[in-house]
2 protein chains.
Amino acid sequence: MLMDANSTTEAMASPISRRSLHEELAARLRDMIVEGALPAGRKVPERELCETFGVSRTPLREALKVLASEGLVTLNQNRGACVTALTRADLEEVFPIMGALEALSGSLACARMSDAEIEAVAALHDQMVRSFEAGDRPTYFKLNQAIHRAILLGSGNATLGATHQMLAGRIHRARYMANDDAARWRAAIEEHEHILAALQSRNGPRLAAILSDHLRNKLASVMRHFTED
Amino acid sequence: MLMDANSTTEAMASPISRRSLHEELAARLRDMIVEGALPAGRKVPERELCETFGVSRTPLREALKVLASEGLVTLNQNRGACVTALTRADLEEVFPIMGALEALSGSLACARMSDAEIEAVAALHDQMVRSFEAGDRPTYFKLNQAIHRAILLGSGNATLGATHQMLAGRIHRARYMANDDAARWRAAIEEHEHILAALQSRNGPRLAAILSDHLRNKLASVMRHFTED
DNA sequence: AAATCTAATTATGCATTCATAATTCAAATT
DNA sequence: AATTTGAATTATGAATGCATAATTAGATTT
């Protein structure tokens with residue numbers, strides 16, 4: 001068995017705590033699912049993944065249990081794991097929750113973020129607008145996420161960030177779909193202008209309301225691509 | 001034939017699908033942690049638990065991974081699992097999130113619950129008031145939870161309920177502490193009167209606001225018992 | 001006596017093995 | 001030919017074994 005590869009990536013990463021195998025596997029699988037390398041509904045045979053990653057079944061199974069508790073995969077008794085398929089109902093459930101969480105984060109962020117941190121968000125916003133004007137959707141998407149994430153973290157509530165991220169992971173694929181028509185994309189940009197304005201003026205209730213609406217609109221946009229479901 | 005007959009008998013509990021060991025173990029451990037049988041900060045040696053439950057380490061370890069992803073235990077590399085200790089900061093983070101989730105649930109419940117379901121909540125409320133008057137705190141606590149849970153489920157958003165329950169599990173112990181002085185307990189009852197009234201009049205925004213405040217007050221009450229932390 | 005270093009013990013991470021449920025495929029019956 | 005039954009295969013659930021990191025105990029040194 002060629003198991004020596006794990007010691008190679010140890011220098012740069014976190015200095016003291018090197019992640020355990022099941023953690024590493026969970027992260028890798030999470031990425032694969034979120035990025036669509038493992039399509040929804042697909043069966044995830046243990047043997048195959050073990051060979052792919054070159055590990056035994058024990059840590060892989062531990063990782064699958066974690067992903068199941070995150071809702072990314074579904075375990076069927078004696079029948080293995082499947083990538084959880086997103087239904088319209090799932091999206092309709094998750095988006096409002098994320099809206100509520102982001103609203104809370106915005107409210108808190110207005111009170112707690114430093115001026116410098118808000119300026120950093122403004123910088124991200126400007127970059128995002130530029131990538132919109134350039135029609136560069138991947139960069140736009142990345143910056144968009146970075147802004148929302150910055151506000152989440154700016155709330156100073158780590159649990160809020162973690163809860164949000166867990167839900168975001170489930171619907172990540174779907175969120176790629178949003179803004180694929182020009183009108184909605186433009187509207188999203190406008191909403192983000194309001195988001196930034198509310199944050200800069202530290203108007204918590206207003207930012208909360210805008211973020212909630214923003215998520216509601218995102219849902220509506222995404223849902224148009226689920227008509228065939 | 002026989003198979004059809006079996007698959008149709010779904011009404012009763014879950015006679016066919018016995019839970020897998022790791023699921024069962026996760027549930028048992030969750031209860032033990034939530035109910036305080038495993039005190040916070042305590043080390044959870046695998047060997048000991050294996051003997052307690054009479055199982056091998058594999059399913060137990062799988063269960064611990066799940067509980068770790070739920071935040072109930074903390075895994076330390078090569079150093080085993082500890083029951084996650086609740087800090088004041090944790091409570092201050094979790095309660096506002098639960099407030100936001102319950103506010104959302106209230107808003108949705110006002111729109112979606114049937115009259116019969118609302119009457120059921122009213123019945124729970126009346127029982128709760130009686131147990132308050134009788135000074136029966138355990139029963140009060142149970143009914144209190146049942147009411148909040150009914151509104152959560154009444155939202156029709158299963159993910160919302162699951163998310164809430166996950167957070168609630170973490171702070172369950174702390175919530176026992178609330179209402180241990182008569183003044184706060186009486187105030188809580190009054191808040192519940194408003195909650196019921198808003199629900200019965202289907203005033204979503206108002207119910208949302210009351211629930212949010214209710215959770216905020218709960219936090220304040222609980223925090224008084226964490227001064228020594 | 002206190003501190004430190006080393007050896008022994010213990011507990012954990014992972015691999016392997018065993019047992020059992022599920023699936024597949026072929027054969028037999030209608 | 002289609003359906004069904006049953007054996008063979010495969011995959012998963014769980015247990016055991018092995019290697020290694022942590023912890024503890026003991027001995028040696030200052």
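Residue numbers begin at 1 in each chain, while the letters A, B, ... track the order of the sequences.
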Just call it for A:Arg47: base, sugar-phosphate, or nothing, with non-hydrogen atoms closer than 4.0 Å on any strand.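 The answer is base, as A:Arg47 lies within the cut-off (heavy atoms under 4.0 Å) of a base atom.
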**Report entry** A:Pro45 side chain, from C-beta outward: closest of D:dT12, C:dT12, C:dT16
**Finding:**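 Selected nucleotide: D:dT12.
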- Item | Nearest to side-chain heavy atoms of B:Glu46, which nucleotide of D:dA15, C:dT23, C:dG13 |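 For the B:Glu46 side chain, the nearest candidate turns out to be C:dG13.
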Query - Any donor-acceptor pair under 3.5 Å from A:Thr52 side chain to A:Glu48 backbone - result: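 At least one qualifying donor-acceptor pair exists.
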* **B:Asn76 side chain to B:Arg79 backbone, donor-acceptor under 3.5 Å** => no
hbond_proxy A:Arg57 side chain to D:dG13 base (donor-acceptor, 3.5 Å cutoff): yes
Whole Å only: how far is the [atom1] atom of [X] from the [atom2] atom of [N]?
| X | N | atom1 | atom2 | value |
| --- | --- | --- | --- | --- |
| A:Asn78 | D:dT12 | CG | C1' | 6 Å |
| B:Gln77 | C:dT12 | CD | C1' | 9 Å |
| A:Glu51 | C:dA15 | CD | P | 14 Å |
| A:Arg19 | C:dG13 | CZ | C1' | 16 Å |
| A:Asn76 | D:dA11 | CG | C1' | 13 Å |
| B:Arg79 | C:dG13 | CZ | P | 11 Å |
| A:Leu75 | D:dG13 | CG | C1' | 12 Å |
| B:Leu21 | D:dT16 | CG | P | 13 Å |

[Y]/[X] salt bridge by N-O under 4.0 Å criterion:
| X | Y | answer |
| --- | --- | --- |
| B:Arg170 | B:Glu70 | no |
| B:Arg57 | A:Glu62 | no |
| B:Arg28 | B:Asp31 | no |

- [ ] Report yes if the side chains of B:Leu101 and B:Leu152 come closer than 4.5 Å at any heavy-atom pair, otherwise no.
- [x]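 B:Leu101 vs B:Leu152: side chains apart.
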Taking for A:Pro59 and for B:Ala81 the nucleotide of DNA chain C with the nearest heavy atom, the one nearer the 5' end belongs to B:Ala81
Verify the contact: side-chain N or O of B:Ser56 to OP1 or OP2 of D:dA15, cut-off strictly under 4.0 Å; return yes or no.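 B:Ser56 to D:dA15 OP1/OP2: side-chain N or O found under 4.0 Å.
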Close aromatic pair by centroid cut-off 6.0 Å: A:His192 and A:His214: yes
Problem - Sorted by number, the residues of residues 61-74 of chain A with heavy-atom contact under 4.0 Å to DNA chain D - result: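 Correct list: A:Arg61.
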